[in-house]
Colleague: 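Okay, handing you the structure first.
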Amino acid sequence: MRNFEYARPETEVEALELLSEHGGNTAVLAGGTDLMNLLKRDVIQPARVVDIKNVSSWKGITHHDGGVLIGANTTLDEINEHALAADYRSLIDVIEGIRAIQITANGTLAGDLCQLPHCWYFRNGYGLLAMKDGESLVATGDNRYHAILGNSGPAKFVSASRFAPSTIAWDAKIRVATLTPSEREGVERVVREEWLPLEYFFQTPKTNSQGVTVLKPGQLITHVWLPAASDTRSATYEVLELCGLDQPQASAACCLGIDGGVVRSAKIVLGHVAPTPWIAYEAAKWLVGQPLTADIAETASRMALAKATPLSHNDYKVQMAETAVRRALLKATNQLGEVL
Ligand SMILES: Cc1cc2nc3c(=O)[nH]c(=O)nc-3n(C[C@H](O)[C@H](O)[C@H](O)COP(=O)(O)OP(=O)(O)OC[C@H]3O[C@@H](n4cnc5c(N)ncnc54)[C@H](O)[C@@H]3O)c2cc1C
């Protein structure tokens, strides 16, 4: 591991100041459960690591603007145990699926959303696009865990976030904070905040210097906001290879509004199938106006994967992703036990 400065700010302004120095070559440390791996393996080389755990205004879960606000320092265990989070069933499904107390005790929701890909080429130093001598190592190599959607460009990794599908399905927003640049010496820099719909947070890089999110150097997520749960039904279904700690091979989350047995609103988001979380617009639109039966869920799952373009070793993932969509829909409507 290389040397780096370690800073532990206590206020938002202090944290943003520390992050914006060194030309923005800094890294946020939340739970540290993934960041420490990246540092140890030399995948990233920040000049300074800014540990945000002591920023008290970024801690906890509160009511906010008709919904619920989760601070960037809130651990997954704290979310799981909090009464305000109980109605967001699809998030709780993810926490229950992690099955590792070390991760749930330390890991955070914002840290998960900002997780870098677990592509083995990327983690072994070949960059996000995994190129060598102008060739894609993914296209010609072992691509069994890579993208089956959105993979026509140079990026073929899958988005690593486990919470992105469920939070995007909830139409979550994130608060992104930045310090305004100093215009003149002696003029105080102020915090600029932007509330960004989470579905616009992720991006597919076209070069190795682009990131997997729209965050710029010196910016970070301070909070995640979820709208009121009201009568929405939600679920996440993850297909995991191992019974213990594991990355899903495919996942799907949905939020459904159901009235008189008929779907009135639907949002379906897949994870671990594309370089960004993948919103299945057509399948969700088709569901509206229908009763959610097992047959309807099956058809919607096929529609969600209809445009899949698997690579040489991962066509098995198409069926897994279809299964994840179908089971998420059935789980949200309490029918999963009947078909398993
Ligand atoms: C042994 C081990 C196994 C793991 N296995 C799995 C697994 O099977 N499945 C899985 O999904 N994950 C796994 N993880 C990854 C990780 O634990 C989770 O993704 C966790 O939720 C990350 O949260 P964190 O708070 O620890 O993030 P950190 O590790 O602190 O940060 C993760 C990334 O996000 C950035 N970041 C953190 N907070 C913010 C913020 N507020 N704003 C902007 N950027 C931020 C960091 O700079 C870093 O790049 C594993 C980790 C370990 C150590």
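Numbers here simply count residues along the sequence, with the first being 1. Remember, it's 1-based here, ligands and their atoms both numbered in the order they're listed. Atom set for the values below is all heavy atoms of this structure, side chains included, hydrogens, waters and symmetry mates excluded.
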Colleague: For atom 38 (N) of ligand 1, what is the closest protein heavy atom, and at what distance to 0.1 Å?
Modeller: Ala30 CB, 3.5 Å
Colleague: Nearest non-hydrogen contact with atom 8 (O) of ligand 1 belongs to which option: Asp246, Leu39, Thr33, Val94?
Modeller: Asp246
Colleague: Should the proximity of Arg162 to ligand 1, defined as any heavy atom under 4.0 Å, be assigned to the side chain, the backbone, both, or neither?
Modeller: side chain
Colleague: Looking at Thr108 and Ala30, what are the two nearest heavy atoms and their distance?
Modeller: OG1-CB, 3.6 Å
Colleague: Distance to 0.1 Å, residue and atom name: give those for the protein heavy atom nearest to atom 41 (N) of ligand 1.
Modeller: Ile221 O, 2.8 Å
Colleague: Please round to the nearest 0.5 Å and tell me the distance separating atom CZ of Arg175 and atom CD1 of Ile221.
Modeller: 12.0 Å
Colleague: Looking only at heavy atoms, is any part of Cys114 under 4.0 Å from ligand 1, and if so is it the side chain, the backbone, or both, or is it neither?
Modeller: both
Colleague: Between Gln102 and Thr33, is any pair of side-chain heavy atoms under 4.5 Å apart?
Modeller: no
Colleague: Judged by atom type as modelled, is there a donor-acceptor pair below 3.5 Å linking the side chain of Lys267 to the main-chain atoms of Cys255?
Modeller: no
Colleague: Using a plain distance cutoff, I'd like to know if Gly31 has any nitrogen or oxygen under 3.5 Å from a nitrogen or oxygen of ligand 1.
Modeller: yes
Colleague: In terms of residue, atom name and distance, what is the protein heavy atom nearest to atom 39 (C) of ligand 1?
Modeller: Val28 CG1, 3.6 Å
Colleague: Do any nitrogen or oxygen atoms of Asp34 lie less than 3.5 angstrom from nitrogen or oxygen atoms of ligand 1?
Modeller: yes
Colleague: Indicate the ring-plane relationship of Tyr121 and Tyr126, choosing parallel, tilted or perpendicular according to the 30° and 60° boundaries.
Modeller: perpendicular
Colleague: Is there any N or O on Leu35 that sits under 3.5 Å from an N or O of ligand 1?
Modeller: yes
Colleague: Using a 4.0 Å heavy-atom cut-off, say whether Ile98 meets ligand 1 through its side chain, its backbone, both or neither.
Modeller: neither
Colleague: Are the side chains of Ile44 and Leu116 in touch, meaning some heavy atoms are under 4.5 Å apart?
Modeller: yes
Colleague: Report the member of Ala27, Gly32, Gly211, Ala15 with the shortest heavy-atom distance to atom 30 (O) of ligand 1.
Modeller: Gly32
Colleague: Considering only non-hydrogen protein atoms, determine which one is nearest to atom 19 (O) of ligand 1 and report residue, atom name and distance to 0.1 Å.
Modeller: Gln115 NE2, 2.5 Å
Colleague: Under 3.5 Å between any N/O of Asn37 and any N/O of ligand 1: does that happen in this structure?
Modeller: no
Colleague: Report, in ascending order of atom number, the atoms of ligand 1 lying under 4.0 Å from any heavy atom of Gly107.
Modeller: 23 (O), 24 (P), 25 (O), 26 (O)
Colleague: Would you check if the side chain of Gln203 reaches a backbone N or O of Thr213 as a donor-acceptor pair within less than 3.5 Å?
Modeller: yes
Colleague: Can you name the atoms of ligand 1, numbered from 1 with element, that are less than 4.0 Å from a heavy atom of Asp112?
Modeller: 19 (O), 21 (O), 22 (C), 23 (O)
Colleague: Can you tell me which portion of Leu215 lies within the under-4.0 Å heavy-atom range of ligand 1? Options are side chain, backbone, both, or neither.
Modeller: side chain
Colleague: Nearest to atom 3 (C) of ligand 1, what protein heavy atom do you find, and at what distance?
Modeller: Leu245 CD2, 3.0 Å
Colleague: Show the nearest heavy-atom pair for residues Ala229 and Tyr88, with the distance to one decimal.
Modeller: N-OH, 3.4 Å
Colleague: With side chain to side chain donor-acceptor pair (under 3.5 Å) as the test, pick out the partner of Tyr145 among His118, Gln247, Glu241.
Modeller: Glu241
Colleague: Among all the protein's non-hydrogen atoms, which is closest to atom 27 (O) of ligand 1, and how far away is it?
Modeller: Gly111 CA, 3.5 Å
Colleague: May I ask you to list the atoms of ligand 1 that are less than 4.0 angstrom from any heavy atom of Leu220?
Modeller: 42 (N), 43 (C)
Colleague: Using atom types as modelled and distance alone, determine if a side-chain donor or acceptor of Arg162 lies under 3.5 Å from a backbone N or O of Gly97.
Modeller: yes
Colleague: Run the numbers for me: atoms of ligand 1, each under 4.0 Å from some heavy atom of Ala110, listed by number.
Modeller: 41 (N)
Colleague: Tell me which protein heavy atom sits closest to atom 50 (C) of ligand 1, plus the residue, atom name and distance to 0.1 Å.
Modeller: Ile103 CD1, 3.7 Å
Colleague: Check whether the side chains of Tyr237 and Asp93 place a donor and an acceptor atom closer than 3.5 Å, and report yes or no.
Modeller: no
Colleague: Can you sort out which atoms of ligand 1 are near Ala72, meaning under 4.0 Å from one of its heavy atoms?
Modeller: 41 (N)
Colleague: Is it the case that the side chain of Trp120 and the backbone of Asp142 share a donor-acceptor pair, with hydrogens and angles ignored and the cut-off at 3.5 Å?
Modeller: yes
Colleague: Could you tell me whether the side chain of Asn54 and the main chain of Pro9 form a donor-acceptor pair under 3.5 Å?
Modeller: no
Colleague: Starting from atom 12 (N) of ligand 1, which protein heavy atom do you reach first, and at what distance in Å?
Modeller: Gln247 NE2, 3.3 Å
Colleague: Counting only N and O atoms by type, is there a donor-acceptor contact under 3.5 Å from the side chain of Gln210 to the main-chain atoms of Lys206?
Modeller: yes
